[in-house]
K.L.:
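The structure that follows is given in the form of structure tokens.
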Amino acid sequence: MLDSSAPIGIFDSGIGGMTVASAVTKLLPQENTIYFGDTAHLPYGDKSTAAIQAYSIKICNMLLQQNCKLILIACNSASAAAYELVREYVGSKAKVLNVIDPVVDYVKEHYEGKTIGLIGTKQTVLSNVYKKKVDALDRNIHLKSLATPLLAPMIEEGFFDNNISESVIANYLSDASLDGIEALILGCTHYPLIKTQIRKFYGEAIETLDTSEIVARSLKAWLEQHYLINEKGEGKRQFYVSDYTLSFEQSTNIFFGRQIQLEHYPLWE
Ligand code: DGL
């Protein structure tokens, strides 16, 4: 039996997943949250599936020790590589959610018979997880995808609303592999930061699917369905990273919307 006052655990390869944490805390301000960014191993997007699985299990152990009622994998690369394994590992101790299934559900409702695009890390795109899940819907939805590995480090370096990011984005989105799409899934938790520039590139004609908002709404719906909303919670927030640098802490501002204090939690020492 899960406890509604228990915290929600959220993890990512680093601080990009804070876009999802921010959407969750805006929608559910009373929930207590524990964020873990595996900054010692970022980026996950270029790692092997086996490595990401090993990191994810270790992080889940830490979140289970904190008695989390729900663990949200706030990283597309880890959702693609480790969701099934993590879910099996965690069992009935907590609910595990990923950032891919809510988006696939959204696409099912809104894009039957259409062609849509996906951008994300190499791990996310080459795993073909989105494609397999979209094909399994059997709704005649054609998914075209492109790995865009430069985007996450570019955003982390603060290039997300200037002419450099504009030309990198234009270069990727002009790739013929995305021709003919009617919507684009932003399949990486860093990408909400470049949503405006992507919208500018396409104009109104193509919807950009901000996964952080879709995921937060789906998480809230799950808590409601299972009577696990923390009605009287005080919204306590804790943020841990496996490797601390001042630069990570300063960057929290762009991903979470305000600067927050990171605590060093050396899981790998
Ligand atoms: N946050 C990761 C994701 O959503 C991208 C960053 C990384 O490669 O670690 O896929």
Side-chain angles (χ1 to χ4, degrees), residues 9-24 35-56 58-60 71-83 86 96-104 117-131 133 145-160 165 168-169 172 184-195 198 208-216 218-219 239-243 245 247-248 251-252 254-256 262 267-268:
I10 302 174
F11 81 89
D12 176 46
S13 57
I15 47 181
M18 284 185 184
T19 56
V20 185
S22 166
V24 168
Y35 183 92
F36 190 91
D38 190 11
T39 47
H41 294 119
L42 102 183
Y44 277 9
D46 300 330
K47 297 281 186 307
S48 69
T49 298
I52 298 171
Q53 288 178 338
Y55 303 149
S56 301
K58 196 139 187 188
I59 296 166
C60 284
I71 295 176
L72 171 62
I73 309 178
C75 173
N76 281 267
S77 310
S79 294
Y83 169 62
V86 163
V96 181
L97 294 180
N98 64 60
V99 286
I100 296 177
D101 288 328
V103 178
V104 172
L118 164 76
I119 53 171
T121 65
K122 286 184 197 161
Q123 167 63 230
T124 300
V125 170
L126 299 180
S127 72
N128 261 330
V129 168
Y130 272 96
K131 179 138 185 60
K133 290 188 186 231
S145 48
L146 178 72
T148 49
L150 254 191
L151 295 182
M154 175 188 85
I155 295 166
E156 267 173 34
E157 286 303 321
F159 293 89
F160 52 87
S165 54
V168 174
I169 290 166
Y172 274 136
L184 180 70
I185 300 171
L186 308 187
C188 172
T189 52
H190 284 64
Y191 299 174
L193 271 298
I194 50 170
K195 188 169 65 178
I198 292 176
T208 50
L209 306 183
D210 181 339
T211 55
S212 61
E213 287 165 8
I214 295 171
V215 168
S218 146
L219 184 149
F239 295 91
Y240 297 105
V241 282
S242 50
D243 185 33
T245 67
S247 145
F248 286 137
S251 300
T252 59
I254 60 173
F255 292 102
F256 197 70
L262 298 177
L267 260 189
W268 278 269

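In each ligand, atom 1 is the first atom listed, and ligand 1 is the first ligand listed. Not measured: the values here are computed from a predicted model.
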K.L.:
With Pro102 as reference, evaluate Thr211, Ile214, Leu97 under the side chain to side chain contact (heavy atoms under 4.5 Å, CB included) test and give the passing residue.
P.N.:
Ile214

K.L.:
Show every donor-acceptor pair shorter than 3.5 Å between a side-chain atom in residues 147-159 and any protein atom, with sequence neighbours excluded, or say none if there are none.
P.N.:
residue: Thr148; atom: OG1; partner: Gly120; partner atom: O; Å: 3.4
residue: Thr148; atom: OG1; partner: Tyr191; partner atom: OH; Å: 2.8
residue: Glu156; atom: OE2; partner: His190; partner atom: NE2; Å: 2.6

K.L.:
Show me a pair-per-line table, with atom names and distances to 0.1 Å, of protein N or O atoms that are under 3.5 Å from an N or O of ligand 1.
P.N.:
residue: ligand 1; atom: 1 (N); partner: Asp12; partner atom: OD1; Å: 2.9
residue: ligand 1; atom: 1 (N); partner: Thr189; partner atom: OG1; Å: 2.8
residue: ligand 1; atom: 4 (O); partner: Asn76; partner atom: N; Å: 2.9
residue: ligand 1; atom: 4 (O); partner: Thr189; partner atom: N; Å: 2.9
residue: ligand 1; atom: 4 (O); partner: Thr189; partner atom: OG1; Å: 3.2
residue: ligand 1; atom: 8 (O); partner: Tyr44; partner atom: N; Å: 3.4
residue: ligand 1; atom: 8 (O); partner: Gly45; partner atom: N; Å: 2.8
residue: ligand 1; atom: 9 (O); partner: Ser13; partner atom: OG; Å: 2.6
residue: ligand 1; atom: 9 (O); partner: Tyr44; partner atom: N; Å: 2.7
residue: ligand 1; atom: 10 (O); partner: Ser77; partner atom: N; Å: 3.1
residue: ligand 1; atom: 10 (O); partner: Ser77; partner atom: OG; Å: 2.7

K.L.:
Can I get a per-line list of side-chain donor-acceptor pairs under 3.5 Å for residues 49-56, giving both atom names and the distance, sequence neighbours left out?
P.N.:
residue: Gln53; atom: NE2; partner: Ala81; partner atom: O; Å: 3.0
residue: Ser56; atom: OG; partner: Ile52; partner atom: O; Å: 2.7

K.L.:
Going by salt bridge (charged side-chain N to carboxylate O under 4.0 Å, His left out), name the residues that satisfy it together with Asp101, two or more places apart in sequence or in a different chain.
P.N.:
Lys133

K.L.:
Is it the case that Ser13 and Asp38 place a side-chain donor and acceptor less than 3.5 Å from each other?
P.N.:
no

K.L.:
Is it the case that atom NZ in Lys195 sees more than 12 heavy atoms from other parts of the structure closer than 6.0 Å?
P.N.:
yes

